[in-house]
Enquirer: 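Submitted below is the structure of interest, expressed as structure tokens.
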Amino acid sequence: MKKKDDKLKKDIRRLLKEKNAVLLSHNYQRDEIQELADLCGDSLGLSIEASKTDADVIVFCGVHFMAESASILSPEKTVILPRMDAGCPMADMITPEKLILEKKKYPDAPVVTYVNSTAEVKALSDICCTSANAVKVVESLTGSSRVFFVPDMNLAHYVGVRVKKEVIPYRGYCPTHNRLLPQEVLEFKDRYPDAVFVCHPECRPEVVKLADHVCSTSGMYKYAGETKAKRIIIGTEMGILYRLRKENPEKEFFLPSKSLICPNMKLTTLEDVLSSLEEMKNVVKVSKEIRESARKALNRMLSVPRD
Ligand code: 13P
Ligand code: SF4
């Protein structure tokens with residue numbers, strides 16, 4: 001297995017060089033993909049990278065909406081998603097038709113759209129956000145006292161209790177994060193009373209309430225490196241454990257539930273990366289009309305000052 005993987009990695013590296021391509025990996029990808037990638041990150045970090053890389057080709061190991069965002073921000077580049085069937089069920093919970101109908105109910109509320117959404121939905125939005133900047137994005141909308149937040153109701157709740165505006169949620173959710181229950185976290189807290197609990201804001205509000213820290217996937221690496229705690233309970237998808245353990249060998253990480261696995265994030269294999277690069281297949285492209293509107297919402301997000 002190791003020998004086979006080494007050969008695949010070598011072939012991928014050679015092709016990446018030949019094609020002036022960059023390999024981006026989300027923090028939930030399989031260990032071997034993260035190990036091989038030029039850059040691993042959260043949705044915000046990867047969007048920024050996609051907007052400034054000078055590579056001709058971006059191979060995006062993640063899910064469909066992430067490759068779409070890369071293509072919107074870098075339309076002159078070829079963006080490859082090694083597995084076209086790697087989607088995000090939360091992104092699919094809101095369609096442009098549903099959004100047009102819902103928007104009519106709140107005509108005064110700007111639409112804030114989580115990047116976990118299709119390009120068509122982004123194109124109908126005022127501004128995008130990620131889990132890393134959602135609070136700042138909503139605060140940046142100074143001209144309105146309420147916003148309509150789509151599609152994640154859990155992230156909407158997380159933002160709503162931290163800002164002075166009303167945050168009206170759409171009722172979408174991430175099936176993976178939503179499965180984590182407070183009882184599961186409490187069991188681990190009982191078992192390891194010295195442990196801290198850090199979770200993603202896509203978790204249910206009852207779970208978020210139990211957390212010592214709530215952040216994006218990349219925020220978790222920072223927190224794990226900085227906390228004095230030696231034991232950390234993790235409330236997000238299991239792919240994050242690979243680098244957390246590698247970067248913090250003296251600390252222990254626990255996943256409170258066996259169901260914290262996103263099947264879509266796990267689809268992409270080294271074989272898929274190699275064959276998509278060899279054949280330059282699975283290219284994600286967004287039509288000019290959709291791209292231009294979606295880009296405005298993404299660029300507006302990128303112009304919100306970061307820490
Ligand atoms: P991050 O932006 O924190 O990486 O999250 C993306 C995602 O899909 C979480 O489920
Ligand atoms: Fe979508 Fe959840 Fe998977 Fe993230 S973890 S890609 S939000 S289904």
Side-chain angles (χ1 to χ4, degrees), residues 24-30 33-34 37 39-50 60-70 81-94 112-118 121-122 128-137 149-156 158-159 170-180 198-204 207-208 211 213-224 234-244 255 257-268 284 298 301-302 304 306-307:
L24 304 185
S25 164
H26 187 265
N27 295 326
Y28 296 158
Q29 290 288 291
R30 290 167 184 253
I33 302 277
Q34 294 191 43
L39 189 98
C40 296
D42 61 5
S43 305
L44 180 61
L46 296 175
S47 313
I48 295 169
E49 194 55 30
F60 211 121
C61 297
V63 291
H64 194 268
F65 75 80
M66 296 181 176
E68 260 186 357
S69 295
L81 180 69
R83 284 292 294 249
M84 273 303 194
D85 50 348
C88 168
M90 164 159 51
D92 296 336
M93 287 179 190
I94 186 154
V112 180
T113 296
Y114 189 28
V115 286
N116 296 34
S117 53
T118 62
V121 165
K122 288 186 178 78
C128 290
C129 73
T130 73
S131 58
N133 63 13
V135 170
K136 282 212 155 93
V137 163
F149 195 100
V150 301
D152 186 8
M153 61 178 179
N154 290 342
L155 183 59
Y158 169 80
V159 174
Y170 179 79
R171 301 206 66 76
Y173 59 92
C174 162
T176 301
H177 286 86
N178 211 52
R179 275 197 292 267
L180 179 60
V198 54
C199 79
H200 197 277
E202 285 177 19
C203 292
R204 295 163 182 248
V207 168
V208 167
H213 189 61
V214 185
C215 57
S216 76
T217 54
S218 286
M220 290 192 194
Y221 297 110
K222 192 165 176 274
Y223 180 75
I234 296 290
T236 197
E237 210 272 349
M238 49 87 71
I240 194 133
L241 293 174
Y242 166 68
R243 261 201 308 140
L244 280 176
L255 217 57
S257 159
K258 285 195 175 65
S259 58
L260 280 170
I261 176 155
C262 171
N264 289 283
M265 281 285 183
K266 294 294 175 278
L267 283 176
T268 311
V284 172
L298 278 170
M301 165 187 92
L302 292 174
V304 172
R306 292 185 286 276
D307 293 326

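Indexing begins at 1, ligand by ligand and atom by atom, following the structure's order.
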Enquirer: Hey, could you give me the CD1/OG distance between Ile240 and Ser216, rounded to the nearest 0.5 Å?
Expert: 8.0 Å
Enquirer: So if I only count non-hydrogen atoms and take anything under 4.0 Å from ligand 1, which residues does that give, chain by chain?
Expert: His26, Tyr28, Asp42, Ser43, Asn116, Ser131, His177, His200, Glu202, Ser216, Thr217
Enquirer: Please examine the side chains of Ser43 and Ser131, heavy atoms only from C-beta on, and report whether any two atoms are closer than 4.5 Å.
Expert: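 SC-SC contact between Ser131 and Ser43 ruled out.
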Enquirer: Who passes side chain to side chain donor-acceptor pair (under 3.5 Å) against Thr113, sequence neighbours left out?
Expert: Ser125
Enquirer: Could you pull out the closest heavy-atom pair between Ala91 and Phe65, with the gap in Å?
Expert: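 Between these two residues, the closest heavy atoms are CB-CD2, 4.5 Å.
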Enquirer: Kindly indicate whether the side chain of Asn116, heavy atoms from C-beta on, has any atom under 4.5 Å from the side chain of Glu202.
Expert: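 Yes; the side chains approach each other to less than 4.5 Å.
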Enquirer: If you draw a 6.0 Å radius around OH in Tyr173, do more than 12 non-hydrogen atoms from other residues or ligands fall strictly inside?
Expert: no
Enquirer: Parallel, tilted or perpendicular: which describes the rings of Tyr223 and His213, with under 30° parallel and over 60° perpendicular?
Expert: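 Tyr223 and His213: parallel rings.
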Enquirer: For Thr217, give me all partners under side chain to side chain donor-acceptor pair (under 3.5 Å), at least two apart in sequence or on another chain.
Expert: Asn27
Enquirer: Exactly which residues line ligand 2, taking a heavy atom under 4.0 Å from it as the test?
Expert: Tyr28, Val63, Cys88, Pro89, Met90, Asn116, Cys174, Glu202, Cys262, Met265
Enquirer: Roughly how far, to the nearest 0.5 Å, is the CG atom of Leu267 from the CE atom of Met84?
Expert: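 If we round to the nearest 0.5 Å, Met84:CE and Leu267:CG are 13.0 Å apart.
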